Amino acid sequence: MMSPAIDNAGKVELESVLASHVGDPAVLALTQKLSTSIQSAKFDRNELTLTISREDIVAVCQIVQASGYNFLADVTCVDWYPNQPRFQVTYHILSHGLKRRLRLCVLVEEGDPSVDSITTVWPAANFYEREIFDLFGVRFGGHPNMRRILLPEEFQGNPLRKDFPVEGYR
Amino acid sequence: MAELLTAPTVVAPDQDRTMILNMGPQHPSTHGVLRLVLEIDGEVVVRVAPDIGFLHTGIEKTCEAKFYQQVVPLTDRIDYLSPMHNNLCYCLAVEKLLQLEIPDRAQWLRVLLSELTRLNSHLVWLGTHAMDLGALTVFLYCFREREEILRIFDAVAGQRMMTSYFRIGGVSLEPPLDFCDRVRKLLKSLPEKIDEYENLLTGNPIFINRTKGVGLLSAEDAIALGVTGPPLRASGVDWDLRRDMPYSSYEKFQFQVPVSKDCDVWARYVLRVREMRESVKIATQALDGLPEGRIKADAPKIVLPDREAMKTQMEALIHHFKIVTEGFAVPAGQVYQAIESSRGEMGYFVVSDGTAKPYRVHMRNPTFATLQAIEKMCVGRLLADVVAAVGSIDIVLGEIDR
């Protein structure tokens, strides 16, 4: 099973990927202003992925937005159960000017499944964060309306978690 | 138009004055099962809260239990008005994970059928949108042409709506012999038919009064709220993934991207009609330049063999058996592939853990995000304009709820 945990080889990869992407304004701005928040970086199949520490996601989004990545395309989550950290909250950000995409990931422990909401940076995150809350049970601090969106209010459980059976509970 | 954007009608939310009105999920102009909870002050809308999820079937969860190739028919059911766009986006994402080269003929067929799908979807939108605003005739005209497109889909894929025609590695079947003639005949007739619809609507004073200056959305708001596709371009943002981040050889086709700065329902109507004309152009180019050759990638461990090969060659039979019973392993990784669907940016986020089943499939559907803009479009406006605004974002609840 592939796990997004961070090790020594990851540190080497982080530095080489950041070095080869200094031309990217978001990478440049992040390494200058908040380099400690980048935990790992990956460049795979022409897609750049940066893993960000959980506390810094709002600050990172502000920097990324200011550097020209103006459009939040998608927010979603991956459950790596039974590995820890369990949840990978994933942000897909698009730049209309650069015609390029950037993926930000935040790893979230099962014990405290919560991330700060980025609705203050991109209001578009509103529905997506509610969807993740609904289907994965990850809470978003500071979200204006943290309620279920697709499932009924009285529904028990979070169906996209890997320990939830496909056919549901009977 | 700018003064309308900056100075909406002033409304003071006053508990004693306002009332809550429930619109949908059975309201005919909510296109399926959208429920809007409206707070109104007389005829003026104070607050709009969309309530969605009535069609939620857990497709993302279902995908995790299927082989990669078995997910294709599930994708049709998400946006049932543009099934081929879903097929295309999913196949492109998996092909990106597999790093698979697709033959030219398959790519051209994909472009051709994607554009027919766009026409199909826009025709349904035009018909139902006009019907919402009181022009019933357009609906009948649009469905006449849509019927021919669906017949072509039936001939090509064996299905009118849930086509599943694009497969991982190419397309499922060689199109029938009369395919080119039928499509050419349809494409030749369409510009005239689009003139006919415009004749009914573009100069129609009732339609103009119901749409001009209604459902305003500025470019900044559109970007902040994740709006894509025709509503984004109608707000003056010149962005089309087919041109700006081309996929499936769209870079080889010449077409214009219509943009409007009017930001209202009318602009979205004008823009979609112009987009239909561009789609006819792209489809004609794809038909004229349709190359000969294979329709499936040369990857025997991924693409099912032809029936004849399967019944005559040992290896082909083994591959067929293996693919059907065990699926094929996809290298581990995460990809996000986006295409310009009829409604905007459709994206598939596929995570593979190296097995034959996707670890996670997430669909970024355009109207899910666009629906968030409904409040900006409707607040401070009349109740009747909500119908026009909802129609103008072209919602399909299947893709919002998944």
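The analysis underlying the following values was restricted to heavy atoms, covering all of them including side chains, and did not include hydrogens, waters or symmetry mates. Below, chains carry the letters A, B, ... as their sequence lines are ordered, and counting in each starts from 1. This is a predicted model, so every value here is computed, not measured.
Looking only at heavy-atom pairs under 4.5 Å with chain A, the residue among B:Ala338, B:Gly53, B:Gly347, B:Ala224 that has the most is B:Ala224. Per-residue heavy-atom pair counts under 4.5 Å with chain B were compared for A:Leu135, A:Thr90, A:Val121, and the maximum is reached by A:Thr90. Annotation: maximal heavy-atom pairing with chain A below 4.5 Å, among B:Asp51, B:Ile52, B:Val227, occurs at B:Ile52. Most heavy-atom pairs under 4.5 Å with chain B, from the set A:Arg100, A:Glu47, A:Glu167: that is A:Glu47. Interface summary for chain B: among A:Tyr128, A:Trp122, A:Phe164, the most heavy-atom pairs under 4.5 angstrom belong to A:Tyr128.
For A:Lys42, no part lies near chain B; criterion is any non-hydrogen pair under 4.5 Å. Interface remark: A:Arg161 contributes backbone atoms only to the contact with chain B (heavy atom separation under 4.5 Å). For chain B, the nearby parts of A:Pro123 are the backbone and the side chain; heavy atoms of each come within less than 4.5 Å. Of the atoms belonging to B:Val237, it is side-chain heavy atoms, and not backbone ones, that fall under 4.5 Å from chain A. With a 4.5 angstrom heavy-atom cutoff, B:Glu60 touches chain A via backbone and side-chain atoms both. In this structure, the portions of B:Tyr336 lying under 4.5 Å from any heavy atom of chain A include both its backbone and its side chain. Both the backbone and the side chain of A:Leu160 come within less than 4.5 Å of a heavy atom in chain B. With a threshold of 4.5 angstrom between heavy atoms, A:Arg103 approaches chain B through side-chain atoms but not through N, CA, C or O. Proximity to chain A (any heavy atom under 4.5 Å) is shown, for B:Pro366, by neither the backbone nor the side chain. Contact annotation for A:Asp44: only side-chain heavy atoms (C-beta onward) come within less than 4.5 Å of a heavy atom of chain B. With a 4.5 angstrom heavy-atom cutoff, A:Asp79 touches chain B only via backbone atoms. At a 4.5 Å heavy-atom cutoff, the contact between A:Glu131 and chain B is made by side-chain atoms alone. With a 4.5 angstrom heavy-atom cutoff, A:His92 touches chain B only via side-chain atoms.
The side-chain contact (heavy atoms from CB on, under 4.5 Å) test with B:Val330 singles out one residue from B:Leu97, B:Ile168, B:Asp353, B:Val350, and that residue is B:Leu97. With A:Tyr91 as reference, A:Ile57 is the one residue of A:Ile57, A:Ile52, A:Asp74 to meet the side-chain contact (heavy atoms from CB on, under 4.5 Å) rule.
Across all non-hydrogen atoms, the minimal contact from A:Asp163 to A:Tyr81 is CB-CE2, 3.8 Å. Taking each heavy atom of A:Val75 and B:His362 in turn, the nearest pair found is O-NE2, 4.1 Å. When all heavy atoms of A:Phe87 and A:Pro113 are compared, the closest pair comes out as CE1-CB, 4.2 Å. The minimum heavy-atom distance linking B:Ala329 with B:Leu98 is given by the pair O-CD2, 4.2 Å.
For A:Glu55, the CD atom is densely surrounded, since the number of other residues' heavy atoms within 6.0 Å is greater than 12.
Side chain to side chain, B:Glu345 and B:Thr228 fail the donor-acceptor criterion of an N or O pair below 3.5 Å. Looking only at atom types and distance, the side chain of B:Arg77 has no donor-acceptor partner in the side chain of B:Thr57 under 3.5 Å away. Side-chain contact check for B:Thr75 and B:Tyr348: no donor-acceptor pair (N or O, by modelled atom type) lies under 3.5 Å.
Every residue meeting the salt bridge (Lys or Arg N to Asp or Glu O under 4.0 Å) condition with A:Lys99, not counting sequence neighbours, appears here in chain and number order: B:Asp244. Residues passing the side chain to side chain contact (heavy atoms under 4.5 Å, CB included) test with A:Thr119 are A:Ser117, A:Ala125, A:Asn126, A:Glu129, A:His143, A:Pro144, sequence neighbours excluded.
Aromatic ring centres of A:Phe140 and A:Phe133 lie farther apart than the 6.0 Å criterion allows.
Ion pair A:Glu109/A:Arg54 not flagged as a salt bridge, since none of the NZ, NE, NH1 or NH2 atoms sits closer than 4.0 Å to an Asp/Glu carboxylate oxygen.
Contact annotation for residues 393-402 of chain B against chain A (heavy-atom separation below 4.5 Å, listed by residue number): B:Ile400, B:Asp401, B:Arg402.
Identified under the side chain to side chain donor-acceptor pair (under 3.5 Å) test for residues 56-65 of chain A, with sequence neighbours left out: A:Ser53-A:Asp56.
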